[in-house]
Student: 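Starting off with a structure, shown below.
Computed from a prediction, not measured in an experiment: that's the story for all the values here.
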Amino acid sequence: MPRTGAGASDLGPGSAGDARVIGDHAPERAVVAASAVVTGGGMDFSDSLPGTAVREVKEETGLDVEITGLVGTYSDPRHISEYSDGEVRRQFNVCFTARVTGGTVATSDESTEIRFVAPSDLGALPMHHTQRLRIQHYVERRPTPYLG
């Protein structure tokens with residue numbers, strides 16, 4: 001059964017014009033090990049999409065967030081994730097914007113490093129092209145959500 005994913009590109013500390021992206025490293029995910037990823041994860045049956053993004057950000061970063069908008073929907077049939085535990089998934093993601101409302105930055109069993117990164121520093125980060133596309137759309141502050 002396909003599992004829907006929700007992620008949040010996070011408007012971190014700073015002025016409204018100081019867009020920042022929060023990322024994590026997922027050690028159990030061989031395909032993205034040692035690369036930057038947008039925080040997110042699978043939706044439980046009892047969750048809404050925005051609720052999933054809020055929960056996943058809290059679980060992976062320790063931060064409380066409020067969803068503020070929609071970056072877009074992402075479903076590339078060529079993007080297949082193979083995890084080190086043998087699980088294989090086809091990527092489908094709904095990416096939201098959010099603002100930090102509380103909490104304390106902390107890693108979890110799903111992250112080894114968490115940091116805010118200025119848009120000018122994003123090019124140097126290793127990441128999957130699908131993650132880079134979501135972040136690019138967030139930084140561009142597109143007037144309408146991406147549908148793809």
Side-chain angles (χ1 to χ4, degrees), residues 1-12 19-101 103-142 144-148:
M1 167 183 275
R3 190 157 186 213
T4 301
S9 295
D10 219 325
L11 187 60
R20 298 185 182 272
V21 175
I22 193 166
D24 64 46
H25 300 272
E28 80 284 2
R29 298 177 184 170
V31 78
V32 294
S35 31
V37 297
V38 174
T39 302
M43 185 173 86
D44 296 334
F45 284 113
S46 61
D47 271 343
S48 65
L49 284 168
T52 297
V54 168
R55 177 181 49 78
E56 287 291 335
V57 170
K58 179 67 171 183
E59 288 176 3
E60 296 179 16
T61 70
L63 295 173
D64 300 313
V65 297
E66 171 186 37
I67 300 300
T68 59
L70 178 66
V71 176
T73 62
Y74 300 85
S75 58
D76 182 345
R78 298 167 297 161
H79 184 182
I80 306 297
S81 297
E82 297 181 42
Y83 298 98
S84 58
D85 65 2
E87 182 180 354
V88 177
R89 291 184 187 177
R90 179 177 160 215
Q91 181 66 33
F92 176 89
N93 182 272
V94 178
C95 189
F96 296 96
T97 58
R99 96 180 155 79
V100 175
T101 60
T104 302
V105 173
T107 59
S108 71
D109 61 347
E110 297 184 48
S111 58
T112 57
E113 179 185 12
I114 300 163
R115 61 185 163 132
F116 288 98
V117 179
S120 59
D121 296 333
L122 289 169
L125 293 177
M127 69 180 75
H128 193 274
H129 71 275
T130 59
Q131 296 282 327
R132 192 171 300 284
L133 179 64
R134 292 176 216 160
I135 293 170
Q136 174 188 332
H137 290 163
Y138 167 71
V139 171
E140 289 173 354
R141 301 203 184 262
R142 300 164 64 96
T144 58
Y146 174 80
L147 302 175

Student: Can you measure from CD1 (I67) to CZ (R99) and round to the nearest 0.5 angstrom?
Tutor: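 Those atoms lie 11.0 Å apart.
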
Student: With side-chain contact (heavy atoms from CB on, under 4.5 Å) as the criterion, how do F96 and V54 come out once you've worked through the C-alpha distance, each side chain's angles and the decisive distance to 0.1 Å?
Tutor: CA-CA 10 Å; F96 296 96; V54 168; over 6 Å; no

Student: Considering residues at least two apart in sequence or located in another chain, which fulfil the side-chain hydrogen bond (donor to acceptor under 3.5 Å, both in side chains) criterion with Y74?
Tutor: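 Y74: side-chain hydrogen bond (donor to acceptor under 3.5 Å, both in side chains) contacts with H137.
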
Student: I need the minimum non-hydrogen distance between G103 and D64, along with the two atoms involved.
Tutor: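 So the two residues come closest at N-OD2, 3.3 Å.
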
Student: Restricting to side chain to side chain contact (heavy atoms under 4.5 Å, CB included), what partner residues turn up for S120, sequence neighbours left out?
Tutor: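 S120: side chain to side chain contact (heavy atoms under 4.5 Å, CB included) contacts with A118.
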
Student: List for me each residue that meets side-chain hydrogen bond (donor to acceptor under 3.5 Å, both in side chains) alongside S75, sequence neighbours excluded, and say none if there are none.
Tutor: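 Per chain and number, S75 pairs via side-chain hydrogen bond (donor to acceptor under 3.5 Å, both in side chains) with no residue.
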
Student: Which atoms form the tightest heavy-atom contact between V65 and T101, and what is the distance?
Tutor: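 Closest approach of V65 to T101: N-OG1, 3.9 Å.
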
Student: Working to the nearest 0.5 Å, report the span between CG of L63 and OG1 of T104.
Tutor: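 If we round to the nearest 0.5 Å, L63:CG and T104:OG1 are 7.5 Å apart.
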
Student: Please report the shortest heavy-atom distance between I135 and M127, naming the atom on each side.
Tutor: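 Taking every non-hydrogen atom into account, CD1-SD, 3.8 Å.
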
Student: Kindly compute the distance separating CG (N93) from OG1 (T73), expressed to the nearest 0.5 Å.
Tutor: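 Those atoms lie 9.0 Å apart.
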
Student: For E140, give me all partners under side-chain hydrogen bond (donor to acceptor under 3.5 Å, both in side chains), at least two apart in sequence or on another chain.
Tutor: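 Scan of E140 (side-chain hydrogen bond (donor to acceptor under 3.5 Å, both in side chains), adjacent residues dropped) gives Q136, R142.
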
Student: Strictly distance-based, threshold 3.5 Å: is any side-chain N or O of R134 a donor or acceptor partner for the main-chain N or O of G72?
Tutor: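 A pair under 3.5 Å: no.
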
Student: Does D47 have any side chain to side chain contact (heavy atoms under 4.5 Å, CB included) partners at least two apart in sequence or in another chain, and if so, which?
Tutor: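 If we apply the side chain to side chain contact (heavy atoms under 4.5 Å, CB included) test to D47, skipping adjacent residues, the hits are M43, D44, T52, R55.
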
Student: Rounded to the nearest 0.5 Å, what separates atom OG in S108 from atom NZ in K58?
Tutor: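 Taking OG in S108 and NZ in K58, the distance rounds to 11.5 Å.
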
